[in-house]
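Keep in mind the model is a prediction, meaning the values are calculated, not measured.
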Amino acid sequence: MDIINIIQEEVTTTIKVLYGFDVNPNDLIINVTKKEFEGDYTLVTFPFTKLAKKAPQVIAQEIGEVITKNNKYFLSFNVIKGFLNVTISDDYWKQFLNDIIANKDYGKSTFHGKKALVEFSSPNTNKPLHLGHIRNILLGWSTSQILEAAGYEVVKVQIINDRGIAICKSMIAWEKFGNNATPSDMNMKSDHFVGHWYVTFEKKFQEEYKIWQSSPEAKKYLEEKNVKEENIDAFFKKDKNNYFNNFSKIGAEAKEMLRAWEAGDEKVRSLWQKMNNWVYEGFDVTYDNLGVSFDKLYYESNTYLLGKDIIENGLKDKIFYKKEDGSVWIDLEDAKLDHKLVLRSDGTSVYMTQDIGTAHQRYENHQSEKMIYVVADEQNYHFQALFAILQKLGEPYAKGLHHLSYGMVNLPSGRMKSREGTVVDADDLMQEVINEAKKASQAIGSISDMPEEEQELIFKQIGLAALKFFIIKVNPVRSMIFDPSESLDLQGQTGPSIQYAAVRVKSAIRKAGEKYNSESSNEYSNIQKSEKEVLLTLHQFPTIIREAAENYNPSDIANYCYTLAKAYNKFWASGLSMLNAESDEAGAFRLKMSAATLQVLTLGMQLLGIEIPERM
RNA sequence: GGCUUCGUAGCUUAACUGGAUAGAGCACCUGACUACGGAUCAGGAGGUUGCAGGUUCGAAUCCUGCCGAGGUCACCA
């Protein structure tokens, strides 16, 4: 049984006996004792002063005396103000180590049969993935892993935004300027190829816009809009969308293509198919390199009409209302939101309509209690509204919806802007960190004896560990500044330094071989401070996983892994030898503790999508 | 402007959800490989937790008001 539970139980009954009142065991405040004090766990006794009518230090003293007498696991205690510091006996810790080693799933919860669906990535198909997607994908992936470790059956999905004006822009540009070129003709990764035509479209559009700005038509337009001479530049900058919709030739072509697509025009559909397939081919490579996959793909082209029937029904039930112009709305003021449009006056759907439909469809497909949307915080309001609507519709899954919102990734120079060419490409970035890992590794030379292929694999594992850890360690709610040079760091609070701690253990275990009889670890006495710190940290693992799952927060796992690696490194350097231990018991114990650390680090990092190499 | 999220060392960040002297990493300075892998460890310097009030045994954390930064307020997605 878990020592925290034991403390809770003993303290609860002791309080009842000594002072005659009940406390909820879960309300007790029990922390790991701070390093500067003696003890393993600390009970805070301030909250009991009123009911016990005694000073906190008196309560602590009294409780301490009773529980150390009653339970063999409590070796000793000391009291400082309202803090009762309890030292746990070595017997408990030795048993604890045996338990970890015996249970390869230590830290995970047992499967409880509930299902969680996690949506992440969900890119547009007009250009390649970038740094923003990487944060999204890493959060989605690790959240999925964490939920699974917390006992859920997890379905990983993405909805691919494969239709709309954006992809039409790529298509038009390719058709007009592409001369039927293929990605291999231009020696480009196929999603980058499609992105290239998207950029081309924007460039041509801008050129056209620029020329138009000095045309008679533009002059008339400016007069109509009453724009003053000195504001013209700013006006044109802001008015881009109006130009696109009302004047642009190339814009009209793109819009016409979208219409043709919606009408099912065969030529357009086949070009669309071709472009999208190029993009998917490229995405697959990126996903594969990142080490992520999905269980089910949804395509917007199949789902964008969903939801209309739900709106119709809801209209009958008076959940929605119709305005005179025929548009349909919902009043969300009681949810502290405003009125939201759900159908346009011409009867076509908006984003919200589609999302209502897909949520419904997904529940029908998977019956998942939880549905998690990993989407950047710029859409906070949208998801609040969506969830409120589904609530009003009485959807059975409405209470299990969660928006895993995360902050934008900014560069030291500010926000990424495609127009300014500051978007950090996902493929480039991965390549860069892998190269950096390679350089660093070759400088050390510790794996230079290995076959080149194996080395390359390890460089990749290290580089990706650096990138992934750098991003995941930040709490999702915070927007983060991504400094490329810092992400290449392999030392300090980084993925590679955690890998390194684990790799050293592997090396030591290999060398130890059969040197010690594992059973004799039970005879070890006098666990040292640096050993205890590792044990206490190992002990937190199941709680950390549970909390990370509850809070949908992978950064908890990342920070935990670092804490554990750090505690272990400290032990490693403490002078307590494993291979040349003072006794068989000590060696066996330390080896077992190291193996347990390796096991936990491996699982913890796996939850983040990070692998531990054999050597590095 | 309304709503909303965030403000912690020069920089990137943590704090078990109200607990002890706010903990790390980077950068800077000083040390440690004839011990199991130095991508490490030991130590130094660096903080009025944006500001001002309040709540209480106790506040980075909760409340109020300011200040600053992001996001959002489309018949776009």
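- Dashed line: the shortest gap from a side-chain N or O of A:Lys336 to OP1 or OP2 of B:G2 is not under 4.0 Å.
- If you check the side chains of A:Ser594 and A:Tyr568, you find a donor sitting under 3.5 Å from an acceptor.
- Checking A:His382 against A:Asp355 by side-chain atom types alone, a donor-acceptor pair falls below 3.5 Å.
- Distances shorter than 4.0 Å separate some side-chain N or O of A:Tyr500 from OP1 or OP2 on B:A39.
- A donor atom on one side chain and an acceptor atom on the other are not found under 3.5 Å apart for A:Thr537 and A:Thr563.
- Residue contacts shown for A:Arg615 include a base, since a base heavy atom lies under 4.0 Å away.
- Relative ring orientation between A:Tyr243 and A:Phe205 is described as tilted, the plane-to-plane angle lying within the 30° to 60° band.
- For A:Arg415 and B:G71, the shortest distance from a side-chain N or O to OP1 or OP2 is below 4.0 Å.
- With 3.5 Å as the limit, one finds a donor-acceptor pair spanning the side chains of A:Tyr406 and A:Asn136.
- A:Ser574 and A:Trp572 share no side-chain donor-acceptor pair at under 3.5 Å.
- For the residue pair A:Asn380 and A:Ser405, a side-chain donor N or O sits within less than 3.5 Å of a side-chain acceptor on the partner.
- Residue A:Ile462 is classed as a base contact, given a heavy-atom separation below 4.0 Å to a base.
- Between A:Trp572 and B:G38 there is a side-chain polar atom (N or O) within less than 4.0 angstrom of OP1 or OP2.
- No contact: A:Asn380 has no heavy atom under 4.0 Å from any strand.
- Using a 4.0 Å heavy-atom cutoff across all strands shown, A:Asp377 reaches sugar-phosphate atoms only and no base atom.
- Ring planes of A:Tyr552 and A:His402: parallel class, angle under 30° (limits at 30 and 60°).
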* To do: Mark up nucleotides 9-27 of chain B, 5' to 3', with B wherever a protein heavy atom is under 4.0 angstrom from a base atom, S wherever such an atom reaches only the sugar-phosphate, and - elsewhere.
  => --SSSS-BB-BB---SSS-
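- Defined by atom type and a distance below 3.5 Å, a donor-acceptor pair is missing between the side-chain atoms of A:Tyr304 and A:Glu262.
- As judged by a 4.0 angstrom heavy-atom cut-off over every strand, A:Ser497 is placed among residues touching the sugar-phosphate backbone only.
- Of all the residues in residues 589-597 of chain A, not one reaches under 4.0 Å from RNA chain B with any non-hydrogen atom.
- A residue-by-residue look at A:Gln384 and A:Glu378 shows that A:Gln384 has its nearest nucleotide of RNA chain B further toward the 5' end.
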